[in-house]
Amino acid sequence: MEAFQLLSRGGARFHKQRFKSDVQLFTHAVTKPEKSVNAPVNQDSKLPPELDFFKYAQGGRAKRKAGNTDSSSSSAPCRPDVRNKRRKTNHATEDLDGNGDDGDDAPEDRYKIPHHLMSNLLDNHYKYPTGVQAHGMPILLERRDLAAISPTGTGKTLSYLFPIMSLLEAPISSLKGTEGNGVRAIVLAPTRELAHQIYNECLKLAVKRKWRVVLYSKATASTLRDKNARDKVDIVISTPLRLVASIQEGNLDLNNVRHLVLDEADRLLDSEFLAQVQEVISTCTHPEIQKSVFSATLPAGAEQLAMGILRNPIRIVVGLKDTPLPLISQTVTYVADDASKLPSLLTYFAQPYNPPLLIFTSTQPRATSLAEELTLNGIANVDCLHAGMTKKERDDAVSRMRRGESWVMVSTEVMARGMDFKGVREVINYDFPTSVQSYIHRIGRTGRAGRDGKAVTYFTDEDAPYLKSIANVLLQSGSSVPDWILKLPKPSKLKKKQMGKIKRAETVNAARKIGRNDAIKKRAMIAGSKRRKVKELRAPEELVSQSR
DNA sequence: AAAAAAC
């Protein structure tokens, strides 16, 4: 418990400006060498040195030369102090892994991080951890359950993959002992594309070891009908329904799963996915299972569900919950009615624009026909992606996007969450998003890993009732909104519903916090120009809190 | 409040 006060101390100064620089640190050295080299990390983020995993990763590879690890760190002098606190508090938390503890306080020793994992981290040019990585990874490595909320494009995937692979120690095939048989870790994601992307990240950390990581699909499921093959699998990445199908066929046993991650947790916990996810959870019967949930958004209802699933969880919030990054400059554009949208978009395309860009529509047919219209109007390299397409068509569209061959990608909600196309400079909401969460995730396809981005949202007269809630999101994240929009009447029913939820939740410790934060948020909206101040005050409270 | 996504 105290150990996490240390974490919170590190994060307390994690306000908007510094957050920006912190996220920039995530930059891969390959793409922007000049930035990562000169970035004054610890100075800015005041990261306790021992949480700076990636620095140790560099040191670890170079056999941790003293000069190497310390030269870049301005906070090196305070290290002994931090070290002592950390050591003391380690006893305060349950020492679940039973390794007593050791003399060395480098994370790789403290947490017994396998050498190959450290070197793979470095080989992938991860230089400095982002906020969610620095604060989330130690919690997971301590074998605690975790609810982590961190904005889009801040490296959540690595935050859970790295600790899982560290705690699993090595591929099951090379471990002889009490690890048991069968899948030891599962990551759930709401779309195939996202599962695939997570799988790719996982493979990067798995090189040079015989990790069996399985991207679960019809094809892989059938190869795993054989129990012997199944027993050799270390990690499964899957969408919920695919997993449930195999469970029900009796072709998958999850009684050896020690780590379960729900990525895009609020999506996975909404009504359509919930039953499936609950079935997966109840099939994971190992008593020491560690569960964690990750998302950029976690509405009160989803959070309550999540807290019910997790056991004695730590909750961390980096930046502001349910708020996009200030790096994304957002605007809203009035287009009267649906018929006016295409002309507006074509006018937009008549001017110079920055490809690749991502366009969101509300339905599959609209995505298809908009892509066709744009092509007919001479726009080059227009692509389309929605869940009505075949698996191959979907895979091809993603690869074209990854290779930079798509300049304009028209898509539905399926692309809204988690997808990391590094080049996307701009997102256009051709159709108005159906929730604040959807909005935040959609525009979060740009402004990733410290780069800036642009988001344009079309709205018609029909969208007017929902405009104000989106406008508030713009305000929260530092974009400006025309006055008249702010004067719109409140979407009263919606508001009342939310308030009701909060009231009910107030009996539980965890939810009391949500209520308070929402109250602060509301005040922030009213405060207008004082908004920024309020945000800064709020961050430390929110950053780490104990729940249940 | 409603579409999309999951097999």
Side-chain angles (χ1 to χ4, degrees), chain A residues 186-198 215-222 224-225 236-252 262-281 295 297 299 301-302 338 358-370 384-395 397-398 410-419 429-442 445 459-460 462-470 490-498 500-501:
Chain A
I186 290 181
V187 179
L188 288 183
T191 65
R192 281 188 209 155
E193 282 76 13
L194 182 53
H196 201 302
Q197 181 179 288
I198 295 165
L215 175 59
Y216 216 63
S217 66
K218 261 213 175 90
T220 50
S222 73
L224 295 181
R225 292 241 175 80
V236 162
I237 324 277
S238 180
T239 52
L241 196 53
R242 180 58 262 178
L243 222 50
V244 168
S246 286
I247 292 169
Q248 288 174 352
E249 289 161 11
N251 288 326
L252 187 64
L262 307 185
D263 201 349
E264 306 297 346
D266 53 337
R267 180 73 185 89
L268 291 179
L269 294 172
D270 80 16
S271 53
E272 300 89 333
F273 274 120
L274 183 59
Q276 300 163 25
V277 172
Q278 277 170 336
E279 173 146 11
V280 172
I281 291 169
S295 186
T297 55
D338 195 54
L358 205 48
I359 301 179
F360 284 100
T361 64
S362 59
T363 67
Q364 296 178 3
R366 284 177 66 79
T368 310
S369 66
L370 179 59
C384 179
L385 176 43
H386 59 69
M389 295 160 50
T390 65
K391 189 177 181 331
K392 188 183 183 313
E393 287 170 335
R394 288 168 70 167
D395 288 346
V398 171
V410 185
S411 182
T412 60
E413 212 57 25
V414 72
M415 285 288 98
R417 282 174 177 260
M419 295 310 293
N429 285 317
Y430 187 78
D431 292 331
F432 206 74
T434 53
S435 70
V436 167
Q437 285 74 28
S438 161
Y439 176 76
I440 291 167
H441 286 278
R442 281 179 176 191
R445 297 317 97 212
F459 70 95
T460 64
E462 285 180 6
D463 302 320
Y466 311 102
L467 183 57
K468 193 166 181 180
S469 55
I470 301 295
K490 286 177 200 164
S492 55
K493 265 181 261 165
L494 213 81
K495 264 258 145 70
K496 260 182 211 158
K497 213 175 167 188
Q498 275 174 0
K501 266 184 200 162

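In the text below, chain A, chain B and the rest are named by the order of the sequence lines, each starting its count at 1.
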Is the backbone of A/Pro299 close enough, under 3.5 Å, to the side chain of A/Gln437 for a donor and an acceptor to pair up by distance?
->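 Answer holds: no.
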
Just how far, in rounded Å, is [atom2] of [N] from [atom1] of [X]?
X        : N     : atom1 : atom2 : answer
A/Glu249 : B/dC7 : CD    : C1'   : 10 Å
A/Arg394 : B/dA5 : CZ    : P     : 7 Å
A/Ile247 : B/dC7 : CD1   : C1'   : 13 Å
A/Phe273 : B/dA3 : CZ    : C1'   : 13 Å
A/His441 : B/dA3 : NE2   : P     : 20 Å
A/Glu279 : B/dA6 : CD    : P     : 18 Å
A/Leu252 : B/dC7 : CG    : P     : 14 Å
A/Arg242 : B/dC7 : CZ    : C1'   : 7 Å

Euclidean distance, A/Ser438 OG relative to A/Asp431 CG, rounded to 0.5 Å |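 Output value for this atom pair is 10.5 Å.
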
Separation between CD of A/Gln276 and CG of A/Leu243, rounded to the nearest 0.5 Å =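 Answer rounded to 0.5 Å: 10.0 Å.
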
When you measure from the side-chain N and O atoms of [X] to the phosphate of [N], is any distance below 4.0 Å, counting only OP1 and OP2?
X        : N     : result
A/Arg192 : B/dC7 : yes
A/Thr412 : B/dA5 : yes
A/Thr191 : B/dA6 : no

What pairs with A/Arg417 under salt bridge (charged side-chain N to carboxylate O under 4.0 Å, His left out), at least two apart in sequence or on another chain?
->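 Once residues adjacent in sequence are excluded, the partners of A/Arg417 under the salt bridge (charged side-chain N to carboxylate O under 4.0 Å, His left out) criterion are A/Glu264, A/Asp266.
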
Return the set of residues passing salt bridge (charged side-chain N to carboxylate O under 4.0 Å, His left out) with A/Asp463 (not counting sequence neighbours), or none when no residue passes.
->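 Applying salt bridge (charged side-chain N to carboxylate O under 4.0 Å, His left out) to A/Asp463 gives none.
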
Have a look at A/Pro190 and say if it touches a base, only the backbone sugar-phosphate, or nothing, with a 4.0 Å heavy-atom cut-off.
->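 Counting heavy atoms under 4.0 Å across all strands, the contact made by A/Pro190 is with sugar-phosphate only.
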
Examine the base of B/dA4 for any acceptor or donor lying under 3.5 Å from a partner atom in the side chain of A/Gln364, and report the outcome as yes or no.
->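 Result: no qualifying N/O pair found.
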
Is a donor-acceptor pair below 3.5 Å formed from side chain A/Arg267 to base B/dA5, judging by atom type as modelled?
->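 Side chain to base: pair found, below 3.5 Å.
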
